[in-house]
Amino acid sequence: MSESATTQEHVLGHNRRRRPTGARRATFGACALILGGGGLVAVNVFASATEGGNTAVPLGSSGVAATIDCPDLSERLTTVPQAARPEVDTELARLDQQIATAYGQLQEAARGADDGELDEAAVLDPLERERAATIERIVAAVDKAGDRPEGLDAEAACALRRTEATTAGAESGGPEQGQRQDGKEQEAGNGDDADGTGQDAGGQRPPGNGGQAGNGPVAGDYAAIESVRPNAVEAPRRDGASNGSFATSCGVNAEGLFNSDNLIAAPGVGNGAHHFHDYVGNQDNDAFSSDEDLAAADTSCADRGDKSSYYWPVLRLQNGTVEQDAQSPGGGIEGNAGEIVTPAEVTLTFEGNERGKVTEMPRLLRIITGDAKAFVNGDANANASWSCTGFEDRQLKDKYPLCPSGSDVVRTFTFQSCWDGRNIDSANHRTHVAFAAADGSCPDGFRPVPRLVQRIVYDVDAPSLQDGGKTVPLFAVDSFPEQLHKPVTDHSDFINVFDEDLMREMVDCINTGRACGAGASPGPGQGGDPGKGAGEAPQEQPTGDPGANPGEDATDEPTEKPTEKPIEEPTGAAPTEEPTGAPQQGSGTPEDDARQTDPASPSAEPRAATTPAGVADDRSAAEAAPGAEGDAGAREDVAAGAAGQPRVPQGGLAETGSGLGLWPAAVGGVLFAGGCVLLVRSRRHAR
């Protein structure tokens, strides 16, 4: 064979080999286009089909994004015969235990629900049966001692309430294992399942609804204090008002007196609170303390005539620290995990009345202010305020404050100051006392008594929301597990065990306009405290607006505002390109309420339940003052993403696609058609 023939054959052979290869490549490309386009069409069809249908926040892989909502029977039982109260209190505590157990089962079920589906009946049906049996015992106890209560059997059923899901960055909720935090070495593995912190032995927390124990807090529970307009209102005082004050100094619980009991709400029941309390004052204060025990106990107060009991839920840093209660009920087992923070300062001040004289408190008077179950009960009884030093003319009710550098967190409790003149307690621990109106007037049949104001200061930094608290840990108060550590659930308790002579001295001091007491000097929280006189009733205390545009408030900021940078980048504050401030969510505007109650919203929070329709109508003019409402357009929803970060869609295309129209289907159709054309041409070319 000639050389030219050989060359020609080689060339032809080479061409015969290349042509099918190109066709095959074109065929592969066409198939890829067809498959990709078809996939986009299918996804968009799925998104459209599911929109408006099953809008539940996914469970399992995206965390425990639900809680249990049960009617609070104690709110209904306003009248219980004295003989029946011990049994009723025990059964009410049993109801709380049943809910806590069911919430734990919900967490476990959600962690195993990888497909996002949860068998709600498996959790709720047994709970309803248990509650029905307990309620029947309550009815029988009351019936035996008095009139049979009606309608309580309808309170047995509970519901599953969707809450905001955790962002990817917030699931870890604390520093990496082994990291030192405030001089404390973190435990190896940062706590395994046995210690109750909700983590596995490898130090990796299972997905959860925020926090190291998987039940809060979440980014949406925080707001920059500088984004809140000044909203504290000084109540006017009439001639003859009792303008004095009496301060008692009882320490900060540096000795670490804690327990998860509640002598007022659940006497005789261990772990009746299901969360830890700080105690100052009386040193013999647990569920089994009798009146005689309280009277004989030691006190942490400087004035030995004050043996009163003052207690409130502890504040914790979600930094992985294994505390003494990590494996105990009320502690880590029930979702209250992390380092307990000792207050930097506690001020206990008794104030007067805006329109007249006060009378002595009866010995052993019991008062609870706030509502430990406000997240599911609604905020009618919520009464804690959150702020920052230097900014106490700005008060938050349902957000934890993000304080700028150099400013400390402040939580304030203003107690009821009207007493019915007869009872030292009541069946629901509320109806024997009442809040004074804005002008100081008490309801008919009630008389003014000294008003206790507790001011508790913590030296904690604003958490780094953008990484879920890894850099700077989240902080939150202890709560019932199903209350998800919401700030609106904050509350405080007081039992008056003042010596009667000292009580008379207090009343005389207040009524004559003097400042007295062992804690009267230097007296933080007295006189010029910008939070004083803001109105004590929940409905009189402005909620504030964590969503207000901080730029609008520049001229209203107090002169004592720190000069440092407001909130540094690691703390989760908005960067400069977000002038409205990112850690802002929910001002109580109708638009926000609609968003928060929509279960399809990635950050849906059941605010409809925590803001009953009737509450707004009952609020005083103080709350309607300018600044009580904010600019809804200036807010960022941080529950769906950290401050300064793009919003992270949650729930997949089925939730996020609705806002984008049908563009995926259109693009998919074009790709599909292009793939078909390419396939036909490549096959023709191959032939």
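Below, each value reflects all heavy atoms present in this structure, side chains not excepted, and no hydrogens, waters or symmetry copies.
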**Report entry** Candidate pair Phe258 and Ile340, rule side chain to side chain contact (heavy atoms under 4.5 Å, CB included), full reasoning
**Finding:** CA-CA 10 Å; Phe258 311 111; Ile340 296 174; 3.8 Å; yes
Report task. Start with the C-alpha gap between Asn271 and Ser260, add the side-chain angles, then the distance that decides, and say whether side-chain hydrogen bond (donor to acceptor under 3.5 Å, both in side chains) holds. Result -> CA-CA 5 Å; Asn271 191 39; Ser260 60; 2.8 Å; yes
Requested in this report: Determine, step by step, whether Asp72 and Asn377 satisfy the side-chain hydrogen bond (donor to acceptor under 3.5 Å, both in side chains) criterion, reporting the C-alpha distance in whole Å, the side-chain angles of both residues, the deciding distance to 0.1 Å, and the verdict.
Outcome: CA-CA 7 Å; Asp72 186 2; Asn377 280 351; 2.9 Å; yes
Query raised in the report: So Thr101 and Gln97, side-chain hydrogen bond (donor to acceptor under 3.5 Å, both in side chains) or not? Walk me through it.
Result: CA-CA 6 Å; Thr101 301; Gln97 178 60 59; 3.0 Å; yes
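Contact detail for Ala384 and Asp490: the closest heavy-atom pair is CB-CB, 3.5 Å. Of all heavy-atom pairs spanning Gln483 and Val376, the tightest one is NE2-CG2, 3.2 Å. Scanning both residues, Leu263 and Ala287, for their nearest heavy atoms gives CD1-O, 3.7 Å.
A donor-acceptor pair under 3.5 Å links the side-chain atoms of Asn215 to the main chain of Pro481, judged by distance alone. For the pair Ser426 (side chain) and Thr431 (backbone), a donor-acceptor distance under 3.5 Å is present. Gln416 places a side-chain N or O within 3.5 Å of a backbone atom of Ile368 that can act as its donor or acceptor partner.
Look at Asp221 and Lys399 and you find no salt bridge, because none of the NZ, NE, NH1 or NH2 atoms lies under 4.0 Å from a carboxylate O. A salt bridge links Asp325 to Arg316: one of the charged nitrogens lies within less than 4.0 Å of a carboxylate oxygen. Ion pairing of Glu120 with Arg162 is present here, as a side-chain N (NZ or NE/NH1/NH2) and a carboxylate O approach within less than 4.0 Å. Using a cutoff of 4.0 Å between basic side-chain nitrogens and carboxylate oxygens, Glu75 and Arg430 are scored as salt-bridged.
Within the structure, every pair that satisfies the salt bridge (charged side-chain N to carboxylate O under 4.0 Å, His left out) test and touches residues 89-106, not counting sequence neighbours, is listed here: Glu91-Arg94, Glu91-Arg137, Asp96-Lys373.
Here Phe475 and Tyr400 bring their ring centres to under 6.0 angstrom of each other. Here His275 and His485 keep their ring centres 6.0 angstrom or further from each other.
Looking at Thr369 and Asn383, their side chains do bring a donor and an acceptor atom within 3.5 Å of each other.
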